[in-house]
Amino acid sequence: MTDQPQPSTPATAPDLFTWEFASDPYPAYAWLREHSPVHKTRLPSGVEAWLVTRYADAKQTLADNRLSKNPAHHDEPAHAKGKTGIPGERKAELMTHLLNIDPPDHTRLRRLVSKAFTPRRVAEFAPRVQELTDTLIDGFARKGSADLIHDFAFPLPIYAICDLLGVPREDQDDFRDWAGMMIRHQGGPRGGVARSVKKMRGYLADLIHRKREALPTEPAPGEDLISGLIRASDHGEHLTENEAAAMAFILLFAGFETTVNLIGNGTYALLTHPGQRARLQTSLAAGERGLLETGVEELLRYDGPVELATWRFATQPLTLGGQRIEAGDPVLVVLAAADRDPERFADPDALDLARRDNQHLGYGHGIHYCLGAPLARLEGQTALATLLTRLPDLRLAADPAELRWRGGLIMRGLRTLPVEFAPAGRDETSEL
């Protein structure tokens, strides 16, 4: 099923969180699954945490209500120093969002936002996603080369989520700049992430105020998400302004970086598995979508955008995978390891776009299952199908060994993805 040699499991305990590990963590995760499936380690930040690597344990952990999302349950002061969340969110008063709270607040906030991501609403948004996709490809199709991260995978979900939130078009490039700083992590100036988060927080607070002032009495069809959040808060749902800003922030943050990596990792996997890529192109040329749909799910399983699920903290002592977890201990579910567990997936290190039995954990499980999964799937399917159709001879312009993966704990994604193709094109005068 695959065009590449399969990874070999190391004979001894692997080093974690090195640059070599970031390039290919899967052999190390195979060792952990076999020898230490619930593994205590010291993270690069200095925080000690448990890593859960087997599929069955991971699924149980993601749905276990004894594990809280609220950092207040951490028994160390590290969370107060910004070491267990999104950089800068605490100082910018952005902590009250879906990734950091438990029921009943989580239930209330999720209900308010979920209407923006219904299958019907996402389907209505499909033409705009296609328009954005084509416009971005128009911008580099005549050149014969591109960095697909910078030129395509990064701006597409930024502009899409900004449209969904209701950020005016004239302000969306500012969001692109702030978001770029947030995902560069070590690649930007010291303190740049926190400054970008603070700027985004200030902008969102002002935008919420302006939208509240101009909000019509009755919602218009397809009303933007920020207006919907304001309307709910003004009708007895008790959404504070801080909650509204935090919610808009996390939807932007979680809604773009995951999709950047889905498109980037997915395109890279296809370019390094020519047999699978050819199958998909043949299917698309025949006007079929079945292989595209199962293929995106397989790309999410094979090398998904979220390597580790976001932080959880034990609220009481518990046993997990034979290990005793003490109250206050941080627990991180390694989705990338669970989704290659041979106890759950046949031939898990092979890329098979037609894989049917594919209940991967790429979007989580339980009450914190990714709210934006339908939108991310739409963007991933549209982006990959359009790239392969419009640039059929797309190829890597660098040795895979030379590519660098972004440092970071939660997300997995390439810094750059240089490609070449026969120059083609459409009118480049259209605007986003």
Side-chain angles (χ1 to χ4, degrees), residues 86-89 92 94 97 113 116-117 122 125-140 146-185 187-188 192-193 195-204 207 224-226 245-267 305-306 370-384 386-387 406 408 410-417 430-432:
I86 297 168
E89 66 177 354
L94 290 169
H97 57 65
V113 183
F117 296 99
V122 170
F125 199 55
R128 176 58 177 160
V129 173
Q130 185 65 62
E131 179 188 7
L132 287 168
T133 301
D134 279 320
T135 301
L136 289 168
I137 294 176
D138 288 346
F140 58 79
D147 171 7
L148 281 186
I149 302 300
H150 181 269
D151 297 328
F152 185 64
F154 176 71
L156 174 59
I158 277 287
Y159 292 129
I161 198 69
C162 280
D163 278 357
L164 200 65
L165 286 169
V167 176
R169 298 277 171 90
E170 62 269 21
D171 296 339
Q172 292 184 7
D173 284 338
D174 287 337
F175 266 77
R176 179 174 175 169
D177 292 342
W178 298 331
M181 181 61 67
M182 287 164 61
I183 71 169
R184 276 199 289 272
H185 301 305
V193 175
R195 283 196 297 274
S196 293
V197 171
K198 187 175 181 180
K199 288 178 182 178
M200 194 176 287
R201 166 68 174 89
Y203 175 86
L204 288 170
L207 182 63
D224 67 74
L225 181 53
I226 288 179
M247 184 67 68
F249 166 77
I250 200 59
L251 289 171
L252 180 76
F253 184 84
F256 88 88
E257 190 170 6
T258 51
T259 309
V260 173
N261 295 344
L262 167 58
I263 297 170
N265 297 5
T267 304
V306 183
C370 177
L371 192 64
L375 179 61
R377 286 188 169 101
L378 168 67
E379 291 173 346
Q381 291 175 14
T382 304
L384 293 173
T386 309
L387 272 179
R406 285 198 300 271
I410 302 299
M411 300 292 183
R412 173 166 172 77
L414 287 161
R415 290 179 179 271
T416 61
L417 184 56
S430 58
E431 296 182 357
L432 293 170

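Source: prediction; values computed, not measured. Just so it is clear, the values below take in all heavy atoms, side chains as well, and ignore hydrogens, waters and symmetry mates.
- In this structure, the side chains of W178 and V197 stay at 4.5 Å or more apart for every pair of heavy atoms.
- Note: L156 CG to T382 OG1 = 8.0 Å, rounded to the nearest 0.5 Å.
- A 4.5 Å side-chain heavy-atom check between T133 and E379 finds every atom pair outside the cut-off.
- At a threshold of 4.5 Å between non-hydrogen side-chain atoms, the residues F175 and L204 count as touching.
- Nearest approach of L414 to N265, heavy atoms of both residues: N-OD1, 3.9 Å.
- Between T267 and L384, the shortest heavy-atom distance links the atoms OG1-CD2, 3.2 Å.
- Considering only heavy atoms from C-beta on, T258 stays 4.5 Å or farther from L262 through its side chain.
- Here the straight-line distance linking atom CZ of F154 with atom CZ of R176 works out to 6.5 Å at 0.5 Å rounding.
- Nearest approach of G264 to A153, heavy atoms of both residues: N-CB, 4.2 Å.
- Between F125 and L378, the closest heavy-atom pair is C-CD2, 4.4 Å.
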Under the criterion side-chain hydrogen bond (donor to acceptor under 3.5 Å, both in side chains), I'd like the reasoning laid out for Q130 against D134: C-alpha separation, chi angles, the key distance, then a yes or no.
CA-CA 6 Å; Q130 185 65 62; D134 279 320; 3.1 Å; yes
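- Residues forming a side-chain contact (heavy atoms from CB on, under 4.5 Å) with P168 (at least two apart in sequence, or on another chain): E170, D171, Y203, L207.
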Just do the side-chain contact (heavy atoms from CB on, under 4.5 Å) check on Y159 and V129 with the steps written out, would you?
CA-CA 9 Å; Y159 292 129; V129 173; over 6 Å; no
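- No side-chain heavy atom of L375 sits under 4.5 Å from any side-chain heavy atom of T259.
- Counting heavy atoms from C-beta on, the side chains of I410 and V306 come closer than 4.5 Å.
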Run the numbers on F140 and L148 for side-chain contact (heavy atoms from CB on, under 4.5 Å), then give the verdict.
CA-CA 10 Å; F140 58 79; L148 281 186; 3.9 Å; yes
Yes or no on side-chain contact (heavy atoms from CB on, under 4.5 Å) for R128 and E131, after CA distance, side-chain angles and deciding distance?
CA-CA 5 Å; R128 176 58 177 160; E131 179 188 7; 3.1 Å; yes
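- Separation of atoms CD1 (I263) and CD1 (I149) is listed at 8.5 Å; rounding is to 0.5 Å.
- One distance of note links CD1 of I158 with CD of Q172; it measures 9.0 Å at 0.5 Å rounding.
- Atom CG in L417 sits 11.0 Å away from atom CZ in F152 (nearest 0.5 Å).
- Counting heavy atoms from C-beta on, the side chains of P305 and V260 never come closer than 4.5 Å.
- Atom CD1 in I226 sits 9.0 Å away from atom SG in C162 (nearest 0.5 Å).
- The side-chain heavy atoms of D174 and M200, taken from C-beta on, include no pair separated by under 4.5 Å.
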